[in-house]
Amino acid sequence: MVAIPEFARRAVFIVTLGTLAAVGCSPLIANGPPQNSYRVQLDDSRPERRDIGVLRYRGGLALSDGDEDFGGLSGIKVSADGQRFVAISDKGAVVNGVLDYDDVGDLTGARDIAVMPLLDLDGTRVKGNRRDSEGLALLPDGRWAVSFERWHRVELYPANPAGPVSPPLPKLPRPSGIQSAEGNSGLEAVTALSDGRLLVIEEGTEDKAGFSRAWIGGENGWASLGYRGKAPYRPTDATTLPNGDVVVLERRASILGGFGARIMRIPASEIRPGAELSGTELAVLEQPVTVDNYEGISAVRQPDGKVMLYVVSDDNFWGFQRTLMLMFELTS
């Protein structure tokens, strides 16, 4: 979730509506039953555009659902066959659904979307400052890991194809020093590495954008390292590629500048305790490209060896933002 002061929301609303009008988009409006998705272009000013950086656009959607808890998607995991997705929201919900593709494999739709509560240790829905779930990872043994801000922690959940819908397992130790993170600047990104350990990266504060603390570990404890990005972008999620490299999604947000994102790749060989991680830029998502508050990313290798990256946005439950899901092919 983006931390924008309450007094600034009206200004953001005005600026965003102007942006939507400028790029030819409109907020979700429907007269009939709610639709789960409609297709969006990579660049409305150039509908034929497919390439951005070393990524190729393979379809995108604006998602909707009639459930009042739908939205705020901050972490996503797409199944190995690309047919289903599981996401978590920053209001303590688990969202899953089915993805559809055309004959050439481009993403064309989402359906059968369901919203379920994310549960706390006592089996009730997470509440208050414990509900801000931000990152989602699938461990090799099928268990789920969810990272949280505000009450900064990582929780493990039992294996279930529907996602982390059972109460969490006995809690993990908290990464050393995470207690000092500010409320909305904590454990934003999480991914399961090839060896089963978790990599978590904090979002960090705006005044320190460009460097974030990070940790490797899990049930046997955590080791510290760092992540070097580029201000004003800050990390919001991560995913592990088939070869062990990690892709980090970074996001920037401001009242006047709106939203933007960078997608970075970190070699597996660099990911070790004590390291300062820095990546190679794969793409930058800035206007006139379709942008919103991108917070989640997931990688899938197709049977032909191609790797797809799915990026999802957090609409903050504000009517002038959208829940977007974009799919890109990694071309190099």
Side-chain angles (χ1 to χ4, degrees), residues 1 34 36-37 61 63-100 110-172 174 186-192 196 198 200 218-219 236-240 295-300 310-317 323 325:
M1 178 177 285
N36 285 151
S37 67
L61 309 170
L63 306 179
S64 65
D65 185 79
D67 194 305
E68 65 179 8
D69 287 332
F70 177 81
L73 304 187
S74 299
I76 185 172
K77 183 66 178 179
V78 177
S79 61
D81 61 6
Q83 299 303 304
R84 299 192 61 87
F85 74 91
V86 175
I88 45 95
S89 87
D90 46 33
K91 282 192 176 180
V94 179
V95 179
N96 61 43
V98 176
L99 298 176
D100 293 322
R111 55 186 167 86
D112 301 336
I113 290 178
V115 182
M116 294 163 286
L118 186 62
L119 303 180
D120 214 332
L121 292 164
D122 62 0
T124 64
R125 182 169 185 167
V126 288
K127 302 179 181 68
N129 67 356
R130 290 183 59 82
R131 73 175 183 174
D132 192 357
S133 50
E134 294 290 343
L136 178 68
L138 182 62
L139 277 69
D141 63 8
R143 291 179 298 167
W144 297 92
V146 178
S147 62
F148 293 80
E149 289 186 325
R150 302 188 193 279
W151 186 257
H152 309 294
R153 68 198 189 280
V154 180
E155 301 277 19
L156 287 181
Y157 295 80
N160 190 316
V165 293
S166 302
L169 300 165
K171 61 183 179 180
L172 290 175
R174 298 173 76 187
L187 298 176
E188 187 85 14
V190 60
T191 187
L198 294 171
V200 292
E219 294 166 290
T236 58
D237 203 9
T239 188
T240 302
E295 289 207 8
I297 191 167
S298 180
V300 172
Y310 297 76
V311 178
V312 70
S313 71
D314 173 0
D315 68 354
N316 290 299
F317 296 93
T323 299
M325 181 187 294

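Numbering starts at 1 and runs along the sequence shown. Note that this is a predicted model, so its numbers are computed, not measured.
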Note: Leu169 and Tyr157 closest approach over all heavy atoms is CD1-C, 4.1 Å
Problem set entry | Asp100 side chain near Arg111 side chain, heavy-atom distance below 4.5 Å | yes
Show, in sequence, the C-alpha distance, side-chain angles and deciding distance for Trp144 and Leu138, and conclude whether the side chain to side chain contact (heavy atoms under 4.5 Å, CB included) test is met.
CA-CA 5 Å; Trp144 297 92; Leu138 182 62; 3.7 Å; yes
Before you tell me yes or no, could you show the steps for Arg150 and Arg131 under side chain to side chain contact (heavy atoms under 4.5 Å, CB included), namely the whole-Å CA-CA distance, both residues' side-chain angles and the distance that decides it to 0.1 Å? CA-CA 8 Å; Arg150 302 188 193 279; Arg131 73 175 183 174; over 6 Å; no
Q: Indicate yes or no: at least one non-hydrogen side-chain atom of Leu198 is less than 4.5 angstrom from one of Leu139.
A: yes
Worksheet entry | Residue pair Ser74 / Glu295, side-chain donor-acceptor N/O under 3.5 Å | yes
Here the pair of heavy atoms bringing Pro158 nearest to Pro167 is CD-O, 3.4 Å
Interatomic distance, CG@Leu118 vs OG@Ser166, rounded to 0.5 Å, equals 10.5 Å
After noting the C-alpha distance and the side-chain angles of Ile76 and Met325, does the key distance pass the side chain to side chain contact (heavy atoms under 4.5 Å, CB included) rule?
-> CA-CA 10 Å; Ile76 185 172; Met325 181 187 294; 3.7 Å; yes
- Go through the steps to decide whether Arg130 and Glu155 satisfy the test salt bridge (charged side-chain N to carboxylate O under 4.0 Å, His left out), and finish with yes or no. CA-CA 11 Å; Arg130 290 183 59 82; Glu155 301 277 19; 3.5 Å; yes
Practice problem: For the pair Ser147 (side chain) and Glu134 (backbone), establish whether a donor and an acceptor sit closer than 3.5 Å, ignoring hydrogens and angles. | Solution: no
Distance-only, no hydrogens or angles: does the Asp315 side chain make a donor-acceptor pair with backbone N or O of Gly72 under 3.5 Å?
yes
ask   = Mind checking whether Ile88 and Pro164 have side chains closer than 4.5 Å, heavy atoms only?
value = yes
Thr191 and Ala137 have their tightest heavy-atom pair at CA-CB, 3.9 Å
- Pair Asp120-Lys127, salt bridge (charged side-chain N to carboxylate O under 4.0 Å, His left out): steps then yes or no: CA-CA 8 Å; Asp120 214 332; Lys127 302 179 181 68; over 6 Å; no
Original post:
Considering only heavy atoms from C-beta outward, does the side chain of Ser64 approach that of Thr323 to under 4.5 Å?
Top reply: no
Output for pair (Asp90 CG, Asn316 CG), nearest 0.5 Å, gives 6.5 Å
Measure the shortest side-chain to side-chain distance between Glu219 and Leu172 over non-hydrogen atoms and say whether it is less than 4.5 angstrom.
yes
Rounded to the nearest 0.5 Å, the CZ atom of Phe85 sits from the CG atom of Leu63 at a distance of 5.5 Å
*Under 3.5 Å donor-acceptor, Asp132 side chain and Glu149 backbone*: no
Nearest heavy-atom contact between Ala159 and Asp141 is CB-O, 4.3 Å
Minimal heavy-atom distance between Leu136 and Val190, with the atoms involved, is N-CG1, 3.4 Å
d(Arg174 CZ, Leu187 CG) to nearest 0.5 Å is 8.5 Å
Correct closest heavy-atom pair for Arg125 and Ala93 would be NH2-CB, 3.6 Å
- request: Determine, step by step, whether Asn36 and Asp65 satisfy the side chain to side chain contact (heavy atoms under 4.5 Å, CB included) criterion, reporting the C-alpha distance in whole Å, the side-chain angles of both residues, the deciding distance to 0.1 Å, and the verdict.
  value: CA-CA 6 Å; Asn36 285 151; Asp65 185 79; 3.7 Å; yes
Quiz item: Does Asp112 reach the side chain of Arg84, with side-chain heavy atoms less than 4.5 Å apart?
Solution: no
Distance col, row Thr239:OG1 vs Lys77:NZ, nearest 0.5 angstrom, shows 5.0 Å
